Structures are given as C-alpha cells and as structure tokens.
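Step one of this worksheet: look at the structure below.
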Amino acid sequence: MLKRKLKVLGQVKVLPFYLFTFLPLANAQTLPVYLDETKPVEQRIDDAIGRMTLDEKIAVIHAQSKFSSPGVKRLGFPDLWTDDGPHGVRPDVLWDEWEQAGQTNDSCVAFPALTCLAATWNPEMARLYGISLGEEALYRNKSVILGPGVNINRTPLAGRNFEYMGEDPYLASRMVVPYVQGLQSRGVAACVKHYALNNDEEYRHQVNVKVSDRALHEIYLPAFRAAVQEGGAWSIMGAYNLYQNQHNCHNAILLNKILKQDWGFDGVVISDWGGCHSTEEAVVNGLDLEFGTWTDGLTMGATNAYDNYYMAEAYKRLIKEGKFTTKELDDKVRRVLRLFFRTTMNRHKPYGFLCSDAHYDAARKIAQEGIVLLKNEKIRKYKNDKEVAPLLPLDMKNAKRILVVGENAIKMMTVGGGSSSLKVQREVLPLDAMVAQCSMFNVQCDYARGYVGDTIQSYNGVTVGRSLYDMRTQAELTAEAVEKARQADVVIFFGGLNKSEYQDSEGHDRKQYGLPYGQDELIEALVKVNPRLVYVNVSGNAVAMPWTDKVPAIVQAWFLGSETGTAIASVLFGDVNPSGKLPFTWYASLDQCGAHALNTYPGTWRADHKIIDEEYKEDIFVGYRWTDRLKGKKGKDANTPLFSFGHGLSYTTFKLGKLTADKKQLTTDGQITFTIDVTNTGNRAGAETIQLYISDLKSSVERPVKELKAFSKVMLQSGETRQVTFTIDQSAFSFYDEQQGVWRAEPGEFEAIAGTSAARLASRLSFTLNP
Ligand code: BGC
C-alpha cells in the first residue's frame with residue numbers, strides 16, 4: 001500500500017525522471033519543447049509527434065491491458081490508466097484478465113447512481129460529485145474515469161438507465177456539465193458515454209437505431225453536446241450499437257461530422273470495450289483509442305491479443321502498404337497526446353484521497369437530496385389515533401415497534417450491475433441504519449425478509465458482506481411478515497429491483513415492468529393487516545405499482561452507494577426534508593411509454609439475424625413529451641402517468657406566485673427574463689425546484705406541448721419567500737430544422753409555464769418572438 005502511494009505521489013507531484021536526466025546535463029533552453037511547460041500545449045504536441053516512431057504512434061492508440069494503454073516510455077510519457085466509472089472507482093482487475101487483482105488499496109466510496117444525482121436537480125451536487133470522484137481516481141492513479149453516462153431514458157426497461165440522467169435532454173445537460181468540470185478540475189478526464197443512442201441493453205452489439213435527425217438532435221444528443229462544448233470533456237466513449245448501419249465506435253456521422261466537425265471536440269474518442277469492429281472504419285471514421293477488443297466488455301477476452309487489435313498491427317500494415325498515409329494516425333496521436341498533457345503529464349494536479357470523510361459527506365448529501373418522496377397521504381399515525389396526518393416523517397413519540405420488511409433492506413447494491421460494480425470500504429445497509437435510528441428512540445426495530453430475490457454472494461470477485469441465503473417457502477416468509485406487521489406501529493417495506501441480470505444491470509433489459517419476486521402480492525398482504533405502510537423503492541428505473549392507492553407513503557430511493565441506509569433513514573425519520581424530483585416519467589403501465597405503445601422495442605431482426613433494427617417511431621416524443629401529447633386524446637386518465645416528470649414532495653408545502661416577464665416581445669437574438677415568487681407555506685425548512693417549461697403555440701412543425709428549459713432549486717425557511725429568475729434565449733425556443741440541418745427559432749407566440757412538476761403547473765405567461 002505504501003509502495004503504491006509513493007508511486008502515485010511520484011507521478012503526480014515529483015518531477016519526472018526525464019527532467020532530472022535532462023536538467024543536470026543542460027540548461028532549460030535545451031529542454032525539449034514537448035517537456036517545456038512554458039510552451040503552448042499544441043506546440044509541445046507537435047514536437048512530441050515529430051520525435052515518435054511509427055511503432056510508438058501505433059502503440060498509443062490502443063490498449064495494452066484491460067484498462068491501460070501505453071505512454072511513450074522513451075520520451076517519458078507514462079501509461080494511461082482508465083477505470084469505471086461512473087459511480088465510484090472500480091477495483092483493479094488483473095493486467096489481462098477480468099478477475100480481481102486482489103489489491104488492498106482499491107476499496108472506494110460509492111456515490112449514488114446517476115439517476116439519483118439527476119433527481120437532485122442541483123448542478124452543485126453534480127460538481128461535488130465530480131470533484132469527489134476525481135480525488136478518489138487520483139489516489140488510484142486513474143487518469144480517465146469511464147463516465148458519466150447521459151443516454152436518454154427512452155424505456156423504463158433499459159438495463160442501464162440507473163447509470164444515466166433521466167429522460168430530459170435539458171436536465172441531463174445541466175447536470176452533466178458540472179460533473180465533467182468537477183472531475184476534470186482534479187486532472188482526471190471524464191469519458192462521457194455511451195455516444196450515442198445506447199437507450200437499451202438488449203442486443204446492444206447488434207441494435208441498429210433508426211431515428212429522425214430531429215429526435216437525434218433534440219433528444220439524444222444535447223447532453224453529449226453540453227458535456228463537450230460547455231463541460232469541455234476530454235474524452236468520449238463510442239457506444240456498442242449501430243446508427244445508420246455503422247457501429248458507433250467508428251461512425252462517420254456521429255464522430256467525424258457531428259462530434260469533431262460541428263462541435264469542435266478536441267479530445268479522444270475511446271471505443272467501448274469490444275465496440276471496434278473494423279480497421280478501415282476505425283481509421284477513417286474518428287476512433288482515436290481502441291480498448292477491450294475481443295471482449296464483450298463484461299467477461300470474455302482473448303489473452304494478450306493487443307497486437308491483433310484493429311488499430312494495432314493491422315493498421316500499421318496498411319500504412320506500410322500505402323493504403324493509408326499517417327494523416328489520420330497523426331490526428332489520433334495528437335488527440336491522445338493532448339489527453340496525456342491534460343492528465344498524466346499534468347504536474348500541477350492536486351493530491352488524491354481515498355475514502356475521505358469529505359467523500360462520504362458528499363455521497364450522503366447527494367443521496368439525501370436525490371431521494372424522492374412520491375406519495376405521503378394522511379392516515380392515522382397510530383392505530384388508535386383520532387387525527388390523521390401524513391405518514392412521513394415517522395413519528396417515534398408513541399411508537400413501540402416498527403417493522404422493516406424486504407430483501408433490499410439487507411442487500412448490498414454497490415456490487416452487481418456490470419461495469420459500474422464497486423468494491424466499497426463500507427455500505428450502510430437500510431436495516432442497520434433503521435435499527436440505529438430506532439434505538440435512539442428506544443423503539444424496537446423488527447425485521448422480516450418477506451421475499452427471497454437474488455441471494456448471490458459475490459460479483460466480479462467482490463464478496464457481498466452478508467449472507468442472503470434463506471430456504472423458507474414464500475408462504476412461510478409471507479406468514480412471518482404479516483404476523484409481525486400486525487404487531488407493528490408502522491411497516492417499512494424495502495423493495496424494488498436489484499443489480500442482477502435482467503434487472504438494473506448491463507447487458508440486458510428487464511423483461512417486465514412489474515416488480516420481481518412476488519413483491520406485489522406481499523405488499524397487498526401487508527397493507528391489509530397494517531395500513532401504515534411505507535414503500536421504499538430501490539431501483540434506477542420506474543416499476544409498476546398496481547397497489548399505489550392502498551399504500552399511503554412511497555419513497556423512491558435509487559441506488560445510493562456507501563451511505564444508502566444513512567440517507568434513507570434520515571429522510572424517513574425527518575432529519576432531512578426530501579427535495580428530490582423525478583428525472584423521468586413514472587408510467588402507470590408500459591403502454592403509456594411511446595416506445596412500447598408503438599411497439600418499437602426491441603426492434604425487428606433482419607433476415608440474417610445479425611442486426612436488429614430499432615426504429616424510434618415516437619420520434620421526439622419521449623417521456624412527458626409523449627404523455628403530454630396524448631392527453632385528452634384517449635380519455636382523461638389513460639395516459640396520466642403514476643408520477644410525472646419533475647414530481648417530488650416535501651414535508652413542507654410551497655406556493656408559487658405569478659409568473660412575470662421583463663418584456664412581452666423579443667427578437668430571436670434577444671433574451672427574456674421571467675420572475676416568480678416561491679413561498680414556503682409549511683412549518684419547516686425545505687427546498688423546492690421551480691421548473692420553467694416553454695410551449696411553442698404555433699409552429700410549422702409539430703412541437704412538444706411543453707419542454708423544460710430552465711429550473712432552479714431554492715432552499716426556504718418556513719414562511720420565507722424568495723424570488724426566482726430565469727433568463728432564456730433562442731436556444732429555449734428552437735427546434736432542429738431537418739431540411740436545413742440547423743437549429744431554428746421560429747417567430748410567433750410562445751408560452752412560459754412555471755410549475756413544480758410537469759403536471760403541477762402554477763402560472764403561465766405568453767410572449768411573442770419576433771424575427
Ligand atoms: C461498458 C462500459 C465500460 C466498459 C469497461 C463495457 O462493458 O459498456 O460502460 O466502461 O465495459 O468496463
């Protein structure tokens with residue numbers, strides 16, 4: 001451990017050996033340009049490229065181990081180490097195997113999964129997230145973190161939605177930028193993934209996405225663009241799937257045209273592990289750094305096959321045969337060297353810290369802010385109460401016994417799920433945190449397993465702390481839980497999904513929208529004997545909840561990482577007032593979701609069964625854009641989601657004032673500022689997120705009923721009023737004009753709508769956009 005720490009320090013802070021070699025021999029003038037920090041980076045890159053042999057150039061554009069690529073030893077460029085991402089720094093695997101390396105210094109702090117981060121609706125939490133993760137990565141000598149993920153939640157079945165930031169391009173954009181900036185402020189590159197259109201996992205290597213230019217630009221690309229142009233991301237990961245019949249790791253349109261030409265990306269395109277399939281396409285279509293070839297990204301992998309990579313010997317041969325000049329190669333090497341100068345060669349990086357108190361604080365804070373209170377109805381808090389009150393926060397004054405039910409109260413969720421799986425220093429399980437809280441009130445905290453889901457004891461070589469083995473039948477488990485529920489003042493059910501295959505996990509999607517393991521039946525049985533039931537849903541996706549009307553309190557608790565139990569208990573017991581808001585629409589049933597209503601998922605296999613075409617027929621109408629559009633067409637309730645996008649309750653109440661604007665008209669190059677008062681009308685402090693939606697009232701193309709274009713989360717003391725302002729410009733009015741291939745703000749009438757969710761709209765105001 002000490003040895004490793006010294007190695008890290010050696011690379012980060014101490015002058016590299018080559019400087020010592022040069023300095024005594026010559027004065028600063030003879031320092032090669034590429035090592036001269038007073039020279040512009042581009043000049044240093046030119047100089048370095050000029051010194052590199054063909055072999056050295058070929059070497060830096062592909063991997064040498066599962067997660068590293070070589071630097072240029074002769075010139076003093078160290079190896080480049082990447083690592084997953086996005087929720088914590090993954091434990092080391094062996095050099096050329098997926099098995100754990102068995103290090104003793106690679107236990108990390110797990111941060112909440114990115115759906116939770118998005119649910120905070122607080123860009124400052126994203127910055128804190130990036131900074132904290134960057135410090136953990138620095139300690140571990142990782143220069144590239146494989147994350148964050150910003151693919152749009154198009155279907156709640158998608159296995160990796162938990163790694164992404166929801167359904168709305170604006171929300172995801174606002175949250176990804178500070179994450180990238182925070183991470184990179186520590187000298188660690190973000191690798192934004194998976195570019196692009198990786199919206200489900202099933203057949204991910206074979207899916208060819210067919211999507212309109214409009215949906216591509218309006219829905220699926222904005223968060224990537226923001227990460228690149230505003231966040232300044234230093235690398236991006238190509239997705240496994242195909243677009244326009246070309247794999248995305250070497251896709252001419254996505255990489256050369258959109259990313260590099262239109263957006264001016266100067267960083268490195270890294271292939272997803274096993275996402276590269278052709279030397280020629282990789283050479284000409286913009287891939288810069290090849291990783292993981294001959295693996296499926298999860299398990300398989302040929303041994304020491306690095307010379308056989310598409311951008312290794314095969315590429316060199318084609319250059320030697322004259323098929324390619326070194327034009328493309330030099331561009332790739334230039335980008336890779338730029339990444340070196342930004343990361344491994346940056347001698348001004350701060351120090352890294354592993355598992356610091358500050359990182360745990362950050363993980364807890366983000367978790368607490370992301371938890372969403374979905375429902376909190378009034379009920380008699382105790383059996384014999386006369387009065388009714390919201391069930392949460394839990395009342396401990398007269399409580400004797402509370403009952404915790406469910407496997408997710410005792411299951412570690414930082415392991416599993418694919419490449420984002422972690423080895424944590426600690427993970428506070430919900431039951432442990434509940435027991436600790438109860439003991440402070442002298443209340444007994446009982447537990448009943450209720451159902452047995454996945455009892456897996458280890459994942460990727462990381463052993464799960466607690467045995468989940470239970471041989472009882474479902475009838476026995478139900479009987480025990482029901483009996484204990486009868487005796488309890490209140491029942492807290494920890495259910496939902498987990499990170500096992502075919503749930504919230506990489507490689508596959510869920511097979512159904514409903515809860516697994518018979519949880520629905522169990523919940524129904526429990527609520528029958530004790531109506532004071534709080535359902536805590538642990539997942540990265542929405543699930544069907546057919547019993548919603550019978551359960552008074554529902555909490556969405558995501559995958560919260562190291563501080564899971566602490567964060568959930570703090571909300572349930574009221575130490576923290578919940579303020580999370582849904583980053584996606586929570587459909588009552590799958591047919592409320594465009595992709596499923598139009599039967600476009602998972603797609604249609606071609607005759608040769610090699611490619612499956614998935615046509616995004618719902619076009620730009622994803623999430624609330626879809627449910628809004630159908631409202632009223634199929635009868636009042638058929639398309640009303642269970643919980644709308646942006647929804648989330650608090651233990652206090654808020655009132656919005658009237659929306660006003662600084663003008664009634666503006667020109668397409670102008671700005672308009674909206675103002676609205678928000679008051680905390682309840683009796684405790686809390687935070688509310690004011691959401692500003694824009695509606696184009698008349699347009700030459702069909703537009704969504706409304707689209708999120710600004711938001712602001714404000715903390716208010718009881719009785720306090722604050723004024724919130726939003727300034728927007730033409731980017732908030734524009735649509736992507738497919739004919740001309742540009743964004744266009746079309747003059748006409750618009751409406752601004754302020755609310756606290758996509759369904760709770762408090763105040764509207766129309767204005768005119770002039771040419
Ligand atoms: C995943 C990537 C991940 C990579 C390396 C792939 O299976 O799709 O997100 O970064 O493996 O672990």
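Worth saying up front: this structure is predicted, and the values here are computed from it rather than measured. Order of appearance sets the numbers: ligands from 1, and atoms from 1 within every ligand. Just the heavy atoms: all of them, side chains too, but no hydrogens, waters or symmetry mates, feed the values below.
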Query raised in the report: Any salt bridge between E136 and R186, counting N to O under 4.0 Å?
Result: no

**Report entry** Short N-O contact, K423 and D106, less than 4.0 angstrom
**Finding:** yes

Report summary line: atom 3 (C) of ligand 1: of V144, D84, I145, L146, the nearest heavy atom sits on D84

Query raised in the report: Between Y170 and W121, is the gap from one ring center to the other below 6.0 Å?
Result: no

Query raised in the report: Does R204 approach ligand 1 within less than 4.0 angstrom via side chain, backbone, both or neither, non-hydrogen atoms only?
Result: side chain

Query - Within-cut-off N or O pair, W98 and ligand 1, under 3.5 Å - result: no

Query - Which of the ligand 1 atoms, numbered from 1, are nearer than 4.0 Å to a heavy atom of D272 - result: 1 (C), 2 (C), 3 (C), 4 (C), 6 (C), 8 (O), 11 (O)

Query raised in the report: Given the side-chain rings of Y310 and W294, with only the six-membered ring counted for Trp, is the space between their centroids under 6.0 Å?
Result: yes

Report task. Find all atoms of ligand 1 within a distance of less than 4.0 Å from any non-hydrogen atom belonging to R90, and give their numbers and elements. Result -> 12 (O)

Query raised in the report: Sequence neighbours excluded, which residues qualify as side chain to side chain contact (heavy atoms under 4.5 Å, CB included) partners of I371?
Result: V555, L560, A567, I568, V571

Report task. Determine whether the side chain, the backbone, both or neither of R160 has a heavy atom under 4.0 Å from any heavy atom of ligand 1. Result -> side chain

Report summary line: R342 meets the side chain to side chain contact (heavy atoms under 4.5 Å, CB included) criterion, sequence neighbours left out, with W234, D266, R338

Query raised in the report: Does Y240 reach ligand 1, in the sense of a heavy atom lying below 4.0 Å from it?
Result: yes

Query raised in the report: Has the side chain of S562 got a donor or acceptor atom that lies under 3.5 Å from a matching backbone atom of R426?
Result: yes

Requested in this report: Would you mind listing which atoms of ligand 1 come within a distance below 4.0 Å of any non-hydrogen atom of K193?
Outcome: 2 (C), 3 (C), 9 (O), 10 (O)

Query - Test of proximity, H194 against ligand 1: N or O pairs below 3.5 Å - result: yes

